[in-house]
Amino acid sequence: MTDHARGTDTNAGSRTPRGPVGPRVPRALREPAVAIAYGLVLLTVALLVIYPTYTILIESVRDPEGGLTLSRYVRFFTSTYFLHTLYNTLLISGIATALSMVLGFGFAYAITRTDLPLKGFFTAVVLVPMLLPAFLIAFALILLLGRNGVMNRFMYGVGEWLGLADPYVLQWVIFGSHGVILAQTLTFFPLAFLVFSAALSSIDPRLEEAAEDLGAGYWYTLRRVTLPLLAPAAFSSALLVFMFNASAFGAPAVLGGGRLFFPGASMLAPEAIIQILGLYDWGMGTTIAVILVVPSLLIYVGGEYYLKKRSYVTVTGTPTAFRLGTVPSAVKWTLFGLCLLVSLFILSIVLVVVAGAFTRTWGVNYDLTWRHMATALQASRSSIINSLVLSGGGAIAAALFGTLAAYLFTRRSFRGVRVLDFTAMLPYALPGVVMGLGFAVAFGGRFEWIVLTGTGAIIFLNHFIRRMPFGLRSGGSALKQIDPVIEEAAADLGARPVYSFLRVTFPLLRATIMGAFVFGFINMMTDITAVIFLVSPRWRLLSIDLFNAIDAGRLGVAAALSVIMIVSTFAVLLIVWRASGRGLDFLRRG
Amino acid sequence: MTPFIMATSTLRLDSQPVALQGVTKLFGNTAAVDDVTFEAAAGMLTTLLGPSGCGKTTTLRMIGGFYEPDAGTIHIGTKFVNTVPPHARSTRTVFQSYALFPHMTVFENVAFGLRATRVPRGDITGRVREALDLVGLGGFAGRSSGQLSGGQQQRVAFARALVTRPEVLLLDEPLSNLDAKLRVHMRSEIRTLQQDLGITTIYVTHDQEEAMSLSDHVVVMHDGHIEQQGPPHDIYERPATRFVADFIGTSNFVEATVESADAYVVRVAALGTTLVLAPPAGATLRSGEGVLLVLRPEHLHLEDAGARDGVGFAGKIASVSYLGAVASYDVLLDGGAAITVASPAPVGAALRRVHDPVRVRLEVDRVFVVPTT
Ligand SMILES: Nc1ncnc2c1ncn2[C@@H]1O[C@H](COP(=O)(O)OP(=O)(O)OP(=O)(O)O)[C@@H](O)[C@H]1O
Ligand SMILES: [Mg+2]
């Protein structure tokens, strides 16, 4: 041994014992700033996720005398009415999910794998439904296909012109299961589209080329290579779409009436709302919410688990272009027809809403008028401001907080963090009805602890926690793309965690944070299922006013409010977009 | 290629030694670094050398503070640093991928460490300029870090580390992303810079040539533990284990049996004869024990068949490869052993040919005995 090896003998006594005994306090938490941030996340999750979920559960089994009872669950599963609600939900959601998958796949395949014309147009149009509240699509369907809808009026005219005995026979009235299915398919297929197009473009094109090289034809390759590769992504997105369908409120409330597959009964989410806001039966309302939660959770957990196990989609880092134009032309033009039809239908939805806003009486008198717009602006002025302020603030908070949490969970992780991550993601999986009702119960007078009912804060917090998972997930995947060595370099150069986060990580995540903000903002503006439990005369919201107008059959005002919602949403996004270049820069320069 | 400009005036560094004692790092149940003890002396360049996966990076990251040892101690100077987070250590790392901040200019990259540690604003510009001049990138301050070649990025990484006047510089295969020619050039620049600044440097590499040419002290690692450490010539000339002999340079291994051994000489039976050799350092051999003889190709000499002086063995040439300055011959000895010999390529004369009968002469004082255990 050389001299070098000695020298430190004096330290031999301080040698710690060998073996996998880790230090008691996780290393990440020894940084005060990191520990504080974790504390904040834990508090938020406990207060805004666990506590409301827990109170719903308790409320559903609490009997009036203060004991515990399962009587409401027994009632639910023994009553034909409630069971029909459940069957309606399952049937309609199943069909709408299947249709969404087919449409989503068709669009994604056409856009990623063919050289069809109008691809840019299709890509833009397919995202439009994501910007619209679900019930707005349902409402537009009424303007198109309701009794006084333009198309049905037109068909009636055709019938008369043909001299039919019953000119109504040519009409296709949208109310009923088919209407709900159509509205929900249009609402949710863009989600399937996003998943499929991401998966399709991340399949290594060499796999399909290899199949062809081995003598497989187009259909054989599609069936034996492409589709199986997509299966995991398809399966998990189908679960997600099903979950959204099953907890949807807008379309069934607007188009369902009592005319679903099992007539007289509604679907689960609207039923929960009827129980509470119509019958003031909190016990039954929360029971239905719990019944919605259980499958949602199972689906969410199952999907995540399945996807982790079997994701074949490989990100190679060196994207190779697909050879477009190898798709048989019969397939190509069928897809083109489908895309064109759906796109035109979506456009007509937007068009009829705009037209409806400036038309005296829809279906009867098409004179141009400003009356609806004036009424809407006057009656809903404070709602508009509330919506913009609460959604704007909520979206900023959600994007920043979600990103911070993503940073903690990926970069300052320790054993047990996965549980926290899972819990923080829950609001994404939990139906809006559940989160809204949970807040109403948890922060209402029923548990006399924190009372927020009737305040703007309860809406803000609800917005925030429901859309925070966007920032968490997108931040997490963006962080996976950033080599951690960049942040190690910052620490190595003497930057403390907060400094390193603000000057290095945060600027690198700017685009992601913007994305989370935009998504959050749109969703908050258009949300209704959760906030319907939280609004008060003092704190009204644009989306709720719009829903009430539709519900009351004031189509003109509803259309005007829709236009206001779309225009103001876009205006805010545009302003933020323009300002963001400079707006976020100050954080860098300090 | 701009050379580093030597302007060391204000970059005077307060170098400190780094001492590792029994350091172990576990990933799961396997030890990536196992009971490692060495000292990187102040102002010297110490190399961690070893094949891929032997734990070099893990060791370096423990010194930089990115991992905490599961056992053992790390001292920088007299300070116990096991649990000190990276930002509070006086070490600076040049990462293999350079890890320049992509959203910052060259200037901002170099200034980062000064700003992060609240160096007075007025001092920053001057120090950054000086550091950039030092690495020959004076004119590049305003460039974005994405607009640099690999070699330039690496210089920025050096400037960024040195501008903060670290006590210890940590380099993880800093040359592996450069082409062969630039690598040799940068190697000597790094050495000059290191010696001029007198900065304690720990240098990780798997390239034995790099280690030999740069280091004051080489630590050879294998499977997480240290095989041997010492100055480069020691490692090269007196390999302590078969692994070291094999990893450093090319070697022939000949099996031998100890006939007798004492503190001064060892007699071994090998290649059908008895050789009297120097015993290995730090190991006592017993009669009858099997050992390996390490014969460096350049310490063997090809002679015409029939030559008699010194200790030699007859054989036939099995293959020849011409490498420019030297020719490498594989010789099949009459006893059956195959052995590689490197000899200076003759100028103007023909090489020996396959099947030529030859004699291979040993330099007995350059045959090393390595225990097989
Ligand atoms: N974060 C980690 N988790 C689990 N195992 C690890 C981790 N980092 C390294 N290892 C393992 O520890 C061993 C040593 O790794 P290390 O990176 O130190 O090797 P190295 O000597 O630097 O190799 P190379 O020359 O390839 O960079 C390897 O077997 C490696 O697989
Ligand atoms: Mg390494």
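All of these numbers come straight from a predicted model, not from anything done at the bench. Quick note on labels: first sequence line is chain A, next is B, and so on, each numbered from 1.
With a threshold of 4.5 angstrom between heavy atoms, A:Glu31 approaches chain B through side-chain atoms but not through N, CA, C or O. In this structure, the portion of B:Arg61 lying under 4.5 Å from any heavy atom of chain A is its side chain and not its backbone. Heavy atoms closer than 4.5 Å to chain A are found in both the backbone and the side chain of B:Thr83. B:Leu114 does not touch chain A: none of its heavy atoms, backbone or side chain, sits under 4.5 Å away. Looking at B:Tyr67, the atoms closer than 4.5 Å to chain A (heavy atoms on both sides) all sit in the backbone: N, CA, C or O.
Aromatic ring centres of A:Tyr499 and B:Phe112: separated by under 6.0 Å.
Contacts with chain A were tallied for B:Pro17, B:Gly113, B:Ala240; B:Gly113 has the most, counting heavy-atom pairs under 4.5 Å. Note on B:Arg118, B:Arg89, B:Arg115: by heavy-atom pairs under 4.5 Å with chain A, the leading option is B:Arg115.
With sequence neighbours left out, the ring pair (Phe, Tyr, Trp, His ring centres under 6.0 Å) criterion links B:Phe107 to no other residue.
Of the listed residues (B:Leu60, B:Thr58, B:Thr93, B:Thr57), just one forms a side-chain contact (heavy atoms from CB on, under 4.5 Å) with B:Phe66, and that residue is B:Thr93.
Salt bridge B:Glu167/B:Lys79: absent, no basic N to carboxylate O contact under 4.0 Å.
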Quiz: residues 38-45 of chain A side-chain donor-acceptor pairs under 3.5 angstrom, not counting sequence neighbours:
{"unit_1": "A:Tyr38", "atom_1": "OH", "unit_2": "A:Leu408", "atom_2": "O", "d": "3.0"}
{"unit_1": "A:Tyr38", "atom_1": "OH", "unit_2": "A:Arg412", "atom_2": "O", "d": "2.7"}
{"unit_1": "A:Thr44", "atom_1": "OG1", "unit_2": "A:Leu40", "atom_2": "O", "d": "2.7"}

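Because its NZ or CZ atom is not both nearer than 6.0 Å to the ring centre of B:Phe101 and within 45° of the ring axis, A:Arg503 does not count as a cation-pi partner of that residue.
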